[in-house]
Chemist: 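Before I ask anything, let me first share the structure, which is written out below as structure tokens.
Everything numeric here is computed off the predicted structure, so don't read it as measured data.
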Amino acid sequence: MAEVEEYPGTRLTVRNDGRRCIHSRYCVLGLPDVFVPNVDGPWIRPDAEACETVIAAISQCPSGALSYRAADPAANEKPPGVNTIRVWQDGPLAVHAELNIGGDTMSYRATLCRCGKSFHKPYCDGMHRKARFTATGEPTPQKSEPLAVRTGPLNVTPTLNGPLHVEGALEICSASGQTITRTTETWLCRCGHSKDKPFCDGSHEAAGFTADGEA
């Protein structure tokens, strides 16, 4: 799917970027009258439930594949009060922040590949399942001090053949929600070979990892 699809409703236009979708299925299971896959015609029906209900469901989409534009600008999605990256067990990094991912500022939510196998890097496309990628979702917590500022822009820069360079206030959390560390700059593994996941330890060089990014 090459372009973002838009589904207009009376009070809400729902946008879907199929390239980002990781099939978490919160949408189709939570609001089956709104999100109706495998049908003739539009599969997203924004007016099938109350506007607020649809917004709540979209906000649960971890990948940012689903987003929306409200007729009332005050109802549009806001940045979170705390920038977070959650480390999923055997899966991607789920980010929630005012994001700039290599120039992409479309969503406050994203799931970023850490197995190294995605065909849509830096985003996850589910290849970790086929690759049988294994990595803990509960890394050992590090000692860190609370940040004076916990929100604001978060820049995620994929580096050429290397890790994700993350700049901005950030709390990295385990899958269960435990704080791993708090930081304003870090480098996160995206080759799948680091012995210190989710952090980069330079293993991408020995592994011959290749991926587009900034030199």
Chemist: Begin with the C-alpha distance, continue with both residues' side-chain angles, and end with the deciding distance and a verdict on side-chain contact (heavy atoms from CB on, under 4.5 Å) for Leu164 and Thr186.
Modeler: CA-CA 8 Å; Leu164 299 170; Thr186 191; over 6 Å; no
Chemist: Using the salt bridge (charged side-chain N to carboxylate O under 4.0 Å, His left out) rule, collect all pairs that involve residues 143-155, keeping only residues at least two apart or in two chains.
Modeler: Arg150-Glu171
Chemist: Taking Arg86's backbone N and O only, do any of them form a donor-acceptor pair with Thr84's side chain (distance below 3.5 Å, no angle check)?
Modeler: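 Such a contact is absent between Thr84 side chain and Arg86 backbone.
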Chemist: Spell out, as yes or no, whether a donor-acceptor pair under 3.5 Å connects the side chain of Asp125 to the backbone of Phe119.
Modeler: yes
Chemist: Nearest 0.5 Å please: distance from the CD atom of Gln142 over to the OG1 atom of Thr183.
Modeler: 9.0 Å
Chemist: Considering the options Val39, Leu31, Val14, which one meets the side chain to side chain contact (heavy atoms under 4.5 Å, CB included) requirement together with Arg45?
Modeler: Val39
Chemist: Answer yes if Tyr7 and Val36 sit in the same cluster of Ile, Leu, Val, Met, Phe, Trp and Tyr residues linked by side chain heavy atoms under 4.5 Å apart, and no otherwise.
Modeler: yes
Chemist: In terms of hydrophobic clusters joined by side-chain contacts under 4.5 Å, are Leu29 and Ile44 together?
Modeler: yes
Chemist: Take atom NZ of Lys78 as the centre, draw a 6.0 Å sphere, and report whether it contains more than 12 heavy atoms from other residues, nucleotides or ligands.
Modeler: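 More than 12 within 6.0 Å, yes.
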Chemist: List the residues meeting side-chain hydrogen bond (donor to acceptor under 3.5 Å, both in side chains) with Thr159, not counting sequence neighbours, and say none if there are none.
Modeler: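 In terms of side-chain hydrogen bond (donor to acceptor under 3.5 Å, both in side chains), with neighbours along the sequence ignored, Thr159 is linked to no residue.
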Chemist: Could you list all the salt bridge (charged side-chain N to carboxylate O under 4.0 Å, His left out) pairs where at least one residue sits in residues 20-32, not counting sequence neighbours?
Modeler: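 Found Arg20-Asp104.
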Chemist: Taking Pro80's backbone N and O only, do any of them form a donor-acceptor pair with Thr151's side chain (distance below 3.5 Å, no angle check)?
Modeler: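 Flag set: sc Thr151 to bb Pro80 pair under 3.5 Å.
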Chemist: Taking only residues two or more places apart in sequence, or in another chain, which ones meet Asp90 in a salt bridge (charged side-chain N to carboxylate O under 4.0 Å, His left out)?
Modeler: none
Chemist: Rounded to the nearest 0.5 Å, what separates atom CG in Leu154 from atom CG in Asn100?
Modeler: 9.0 Å
Chemist: Can you give me every donor-acceptor pair (side chain of residues 191-200, partner residue at least two apart or in another chain, under 3.5 Å) with its distance?
Modeler:
unit_1 : atom_1 : unit_2 : atom_2 : d
Ser194 : OG     : Asp196 : N      : 2.9
Ser194 : OG     : Phe199 : O      : 2.6
Ser194 : OG     : Asp201 : OD1    : 3.4
Lys197 : NZ     : Gly192 : O      : 3.3
Lys197 : NZ     : Ser194 : O      : 2.7

Chemist: Is there a donor-acceptor contact under 3.5 Å from the side chain of Arg190 to the main chain of Gly162?
Modeler: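 A pair under 3.5 Å: yes.
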Chemist: For Ala175, give me all partners under side chain to side chain contact (heavy atoms under 4.5 Å, CB included), at least two apart in sequence or on another chain.
Modeler: Glu138
Chemist: Identify all side-chain donor-acceptor contacts of residues 107-116 below 3.5 Å with residues at least two apart in sequence or on another chain.
Modeler:
unit_1 : atom_1 : unit_2 : atom_2 : d
Ser107 : OG     : Arg109 : N      : 3.0
Ser107 : OG     : Arg109 : O      : 3.1
Arg109 : NE     : Glu77  : OE2    : 3.0
Arg109 : NH1    : Ile58  : O      : 3.2
Arg109 : NH1    : Cys61  : O      : 2.6
Arg109 : NH1    : Leu66  : O      : 3.3
Arg109 : NH2    : Leu66  : O      : 3.0
Arg109 : NH2    : Glu77  : OE1    : 3.0
Arg114 : NE     : Gly91  : O      : 2.6
Arg114 : NH2    : Trp88  : O      : 2.7
Arg114 : NH2    : Thr136 : O      : 3.1

Chemist: Specify the closest pair of heavy atoms between Leu12 and Cys51, including all atoms of both residues, with the distance to one decimal.
Modeler: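 Between these two residues, the closest heavy atoms are CD1-SG, 4.0 Å.
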Chemist: Residues two or more places apart in sequence or in another chain: which of them pass ring pair (Phe, Tyr, Trp, His ring centres under 6.0 Å) with His96?
Modeler: none
Chemist: Which pairs with one or both residues in residues 46-74 pass salt bridge (charged side-chain N to carboxylate O under 4.0 Å, His left out), sequence neighbours excluded?
Modeler: Glu6-Arg69, Arg11-Glu52
Chemist: Parallel under 30°, tilted from 30 to 60°, perpendicular over 60°: which one fits the rings of Trp43 and Phe35?
Modeler: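 Because their plane-to-plane angle lies in the 30° to 60° range, the rings of Trp43 and Phe35 count as tilted.
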Chemist: Decide side-chain contact (heavy atoms from CB on, under 4.5 Å) for Ile101 and Tyr123; before the verdict, give the C-alpha distance in whole Å, the side-chain angles of both, and the deciding distance to 0.1 Å.
Modeler: CA-CA 10 Å; Ile101 303 174; Tyr123 302 103; 3.8 Å; yes
Chemist: Can you see whether Asn16 engages Glu5 through a side-chain donor-acceptor pair at a distance of less than 3.5 angstrom?
Modeler: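 Short answer, yes.
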Chemist: Can you run down the salt bridge (charged side-chain N to carboxylate O under 4.0 Å, His left out) pairs that involve residues 153-164, sequence neighbours left out, and say none if there aren't any?
Modeler: none
Chemist: Do any N or O atoms from the side chain of Ser144 and from the backbone of Thr181 form a donor-acceptor pair under 3.5 angstrom?
Modeler: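 A pair under 3.5 Å: no.
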Chemist: Give me each pair satisfying side chain to side chain donor-acceptor pair (under 3.5 Å) with a member in residues 204-215, each pair once, sequence neighbours excluded.
Modeler: none
Chemist: Suppose we screen for ring pair (Phe, Tyr, Trp, His ring centres under 6.0 Å). Which residues come up paired with Phe133, at least two apart in sequence or across chains?
Modeler: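 So Phe133 forms no ring pair (Phe, Tyr, Trp, His ring centres under 6.0 Å) with any residue.
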Chemist: Decide whether Tyr68 and Val28 are clustered together by the hydrophobic rule: side chain heavy atoms of Ile, Leu, Val, Met, Phe, Trp, Tyr closer than 4.5 Å, transitively.
Modeler: yes
Chemist: Measure the CD1-CE distance between Ile22 and Met127 for me, rounded to the nearest 0.5 Å.
Modeler: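 One finds 14.5 Å between CD1 of Ile22 and CE of Met127.
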Chemist: Can you measure from CG (Asn83) to CD (Glu98) and round to the nearest 0.5 angstrom?
Modeler: 8.0 Å
